[in-house]
There are 2 protein chains.
Amino acid sequence: MTDRARRPGGRSATVRRRVLDATLAQLVQHGYDSLSIDVVAERSGVHRTTVYRRWRDVGGLLADVLNEAADDAWLPPDTGTLEGDLVAVNREICTALTDEPVTVALIAASFRSGQAAEALRAFWTERYDRCAGLVRRAVERGEIPAGTDAYRLLIAATAPLYHELVLLRSAADARLPEIAARGAATAARAGAFTTR
Amino acid sequence: MTDRARRPGGRSATVRRRVLDATLAQLVQHGYDSLSIDVVAERSGVHRTTVYRRWRDVGGLLADVLNEAADDAWLPPDTGTLEGDLVAVNREICTALTDEPVTVALIAASFRSGQAAEALRAFWTERYDRCAGLVRRAVERGEIPAGTDAYRLLIAATAPLYHELVLLRSAADARLPEIAARGAATAARAGAFTTR
DNA sequence: ATACTACTGCTACAACTGTAGCTTTAATGA
DNA sequence: TCATTAAAGCTACAGTTGTAGCAGTAGTAT
């Protein structure tokens, strides 16, 4: 890991690039079930044993893909109201869960790979941290009481989406983002997420 | 499946019993990662090929275990208030997710096995259906407006638990059931889950 | 009793997964 | 340019997973 930084254009770096590209391409084209070290190795032209050594399993591959993708400048939207912000965030989550295969694949992999579980946890923690500003703005506007626990509120707003789309696998209802956001915003206004 | 009913004490039935017992025992003792057709076959004394034929994969085994377990007389608690009922339900979910290995194992398996996914979906649908009575009582008491969508309310109350304990794998906070239930109940009282 | 049917047991095999040990190659630094 | 070193490539192998085809056996019906 540290060596890749020391030799940015070196062989290790190109190998990593080829392998991660192959992983994502395979995932997009043939789905999570088709992902295996052997397939990715073949597709990338990198030898099996090399992939096994550096990434250990499919979860490791996906974790690396996610770590790279997480390294962006994403910030939660600012629509002017708490509920509007939450709806916007939920719409993005909805898209990620229905259109992007990486997210669901990583959730699946997280049950079989410690690396994937850790990468996913880190990713979500970071995103929820960035969303804390959204809650702060709502407090400053006086929409919700000071002392509102940002994390609890954000979980309440987003968890129903994961529950329905990932665990229950219900048909994706387009109103889901609004309903979940409205519920959480309503509860927050009534002070249900204040810590003290 | 239908034949097992026709020959209740027959060889097929005893084979099924031995295999399901072995599956559950293995799961409890050594965890989900240790579950494989071969291990279960060895442990049950039933031949590998038989288990492969009848259950196909680990997801099939777990699905059968769950189907059997789901066939009980469970009813949601009646504490006299909506929030009390939701807290009680959440406490049960919390126990199931932290103490009982079957639930989490089935969630994990549901990403790799259609049978497991379907069994889980059916299980949850049934439980949410049974919980609808809890919402109806709250409406009759005048706690929440008529027209409240029971399913949405129940999802809002329970989803944060699954999100934190299964997906985020945060440390189990004992206050989680209360917080999630309070949020959903508060939103419901304010009419956030009414359909019309 | 006996034939019939459904299911289990058995053997063998093919494919996939993961690792060990060694050789070769490429990047680095003197 | 050349020695050093880290990482990639290669071969071979062991273990696991899943399947096909056939033989044997328990339950059912006449």
Side-chain angles (χ1 to χ4, degrees), chain A residues 1-23 26-27 30-64 105 108-116, chain B residues 1-23 26-27 30-64 105 108-116:
Chain A
M1 288 279 181
T2 52
D3 291 331
R4 285 205 294 278
R6 283 196 300 179
R7 304 177 184 183
R11 185 164 60 156
S12 296
T14 63
V15 161
R16 174 165 184 252
R17 183 92 318 275
R18 285 207 313 231
V19 168
L20 293 192
D21 287 349
T23 303
Q26 179 69 23
L27 180 61
H30 300 102
Y32 172 65
D33 286 339
S34 81
L35 266 192
S36 74
I37 299 276
D38 277 23
V39 166
V40 170
E42 175 110 15
R43 183 162 191 150
S44 65
V46 174
H47 203 272
R48 298 172 7 94
T49 48
T50 299
V51 184
Y52 271 110
R53 264 194 295 254
R54 279 186 54 178
W55 287 276
R56 187 181 175 87
D57 54 26
V58 174
L61 287 171
L62 288 170
D64 209 0
S110 73
F111 287 100
R112 305 185 53 97
S113 153
Q115 285 178 87
Chain B
M1 290 282 180
T2 53
D3 291 332
R4 285 204 294 279
R6 282 196 302 176
R7 306 176 184 182
R11 186 163 59 157
S12 296
T14 63
V15 161
R16 175 167 184 249
R17 184 92 316 276
R18 284 207 315 231
V19 168
L20 294 192
D21 287 348
T23 302
Q26 178 69 22
L27 180 61
H30 300 103
Y32 172 66
D33 286 338
S34 80
L35 265 192
S36 74
I37 298 277
D38 277 22
V39 166
V40 169
E42 174 110 16
R43 184 163 189 150
S44 64
V46 175
H47 203 272
R48 293 169 17 90
T49 47
T50 299
V51 183
Y52 271 111
R53 265 193 295 252
R54 278 186 54 177
W55 287 276
R56 186 181 175 88
D57 55 25
V58 173
L61 288 171
L62 289 170
D64 209 358
S110 73
F111 288 100
R112 306 185 52 99
S113 152
Q115 287 178 86

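In what follows, chains are A, B, ... by sequence order, proteins preceding strands, each numbered from 1. Only a predicted model underlies this, so the values are computations on that prediction, with no experimental measurement involved.
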Between atom [atom1] in [X] and atom [atom2] in [N], what is the gap in whole Å?
{"X": "B:D57", "N": "D:dT17", "atom1": "CG", "atom2": "P", "value": "12 Å"}
{"X": "B:E42", "N": "D:dT17", "atom1": "CD", "atom2": "P", "value": "12 Å"}
{"X": "A:R17", "N": "D:dA8", "atom1": "CZ", "atom2": "P", "value": "15 Å"}
{"X": "B:I37", "N": "C:dT17", "atom1": "CD1", "atom2": "P", "value": "17 Å"}
{"X": "B:D33", "N": "D:dT17", "atom1": "CG", "atom2": "C1'", "value": "16 Å"}
{"X": "B:L35", "N": "D:dT16", "atom1": "CG", "atom2": "P", "value": "15 Å"}

Flag, side chain of [X] to backbone of [Y], donor-acceptor distance under 3.5 Å:
{"X": "B:T50", "Y": "B:V46", "value": "no"}
{"X": "B:R54", "Y": "B:S12", "value": "yes"}
{"X": "B:T23", "Y": "B:V19", "value": "yes"}
{"X": "B:S113", "Y": "B:A109", "value": "no"}

State which of [options] makes the closest approach to the side chain of [X].
{"X": "B:R48", "options": "C:dA12, C:dT17, C:dT8", "result": "C:dA12"}
{"X": "B:T49", "options": "C:dC10, C:dT17, D:dG18", "result": "C:dC10"}
{"X": "B:S36", "options": "D:dT17, D:dA12, D:dA8", "result": "D:dT17"}
{"X": "B:H47", "options": "C:dG18, D:dG9, C:dC10", "result": "C:dC10"}

Worksheet item: Has A:T50 got a side-chain N or O lying under 4.0 Å from the OP1 or OP2 atom of D:dG9?
Response: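 Affirmative; the distance criterion is met.
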Worksheet item: Are any of B:R11's side-chain N or O atoms less than 4.0 Å away from OP1 or OP2 of C:dA6?
Response: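 No, no such contact exists.
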Item to complete: Check every strand shown and say whether B:D38 touches a base, only sugar-phosphate, or nothing at a heavy-atom separation below 4.0 Å.
Response: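 Touches a base.
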Fill in: Polar pair under 3.5 Å, donor/acceptor by atom type, side chain A:R53, base D:dG9
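Per atom types, the contact qualifies.
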Worksheet item: DNA chain C: B:R18 or A:Y52, which has the more 5' nearest nucleotide?
Response: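 The residue whose closest nucleotide sits nearer the 5' end is B:R18.
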Worksheet item: Would you call A:D38-A:R48 a salt bridge at under 4.0 Å N-O?
Response: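 Yes, this pair counts.
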